Amino acid sequence: MIGLGILLPFLVASYTCQIISSSLLEKVLLFGTVFILAFLIYWIVARTIVQFLEE
């Protein structure tokens, strides 16, 4: 589950960086921001599903 939590945000951030940014600094900043946001969204959804399954 953690592997998927790292792989999916990495893929989303990489794809977003390739489309939007042009310079290296923009790519690094955008990649970091998108990766953190995607990871947090994934983690919140995963924890919610686990809690519903435990009940």
Side-chain angles (χ1 to χ4, degrees):
M1 188 164 147
I2 291 177
L4 190 62
I6 293 173
L7 181 65
L8 286 177
F10 180 79
L11 292 175
V12 169
S14 296
Y15 182 72
T16 305
C17 285
Q18 290 176 356
I19 291 176
I20 296 176
S21 60
S22 58
S23 72
L24 182 63
L25 181 61
E26 286 178 1
K27 286 183 181 182
V28 171
L29 292 174
L30 184 64
F31 181 84
T33 304
V34 172
F35 181 81
I36 290 171
L37 288 175
F39 180 76
L40 289 175
I41 289 169
Y42 171 81
W43 193 252
I44 290 169
V45 169
R47 292 301 304 160
T48 304
I49 291 171
V50 168
Q51 285 180 351
F52 280 133
L53 292 175
E54 288 178 354
E55 291 180 1

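Just so you know, these numbers use all the heavy atoms, side chains as well, and skip hydrogens, waters and symmetry mates. On a predicted model such as this, the values are computed, not experimentally measured, just so you know.
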same_hphob_cluster([X], [Y]) at 4.5 Å side-chain heavy-atom cutoff:
{"X": "Leu30", "Y": "Ile19", "result": "yes"}
{"X": "Phe31", "Y": "Leu29", "result": "no"}
{"X": "Leu8", "Y": "Val50", "result": "yes"}

task = Write down the atom of Phe35, the atom of Ile6, and the distance for their closest heavy-atom approach.
result = CE1-O, 3.7 Å
inquiry  = Looking at every non-hydrogen atom in both residues, tell me the closest pair between Ala13 and Val34 and how far apart they are.
reply    = CA-CG1, 3.6 Å
key: Nearest-0.5 Å distance, CD1 of residue Ile44 to CD1 of residue Ile49   = 12.0 Å
Point-to-point distance, once rounded to the nearest 0.5 Å, from CD1 of Ile36 to CD1 of Ile41 = 12.0 Å
Sub-6.0 Å ring centroid separation between Phe10 and Phe39 = no
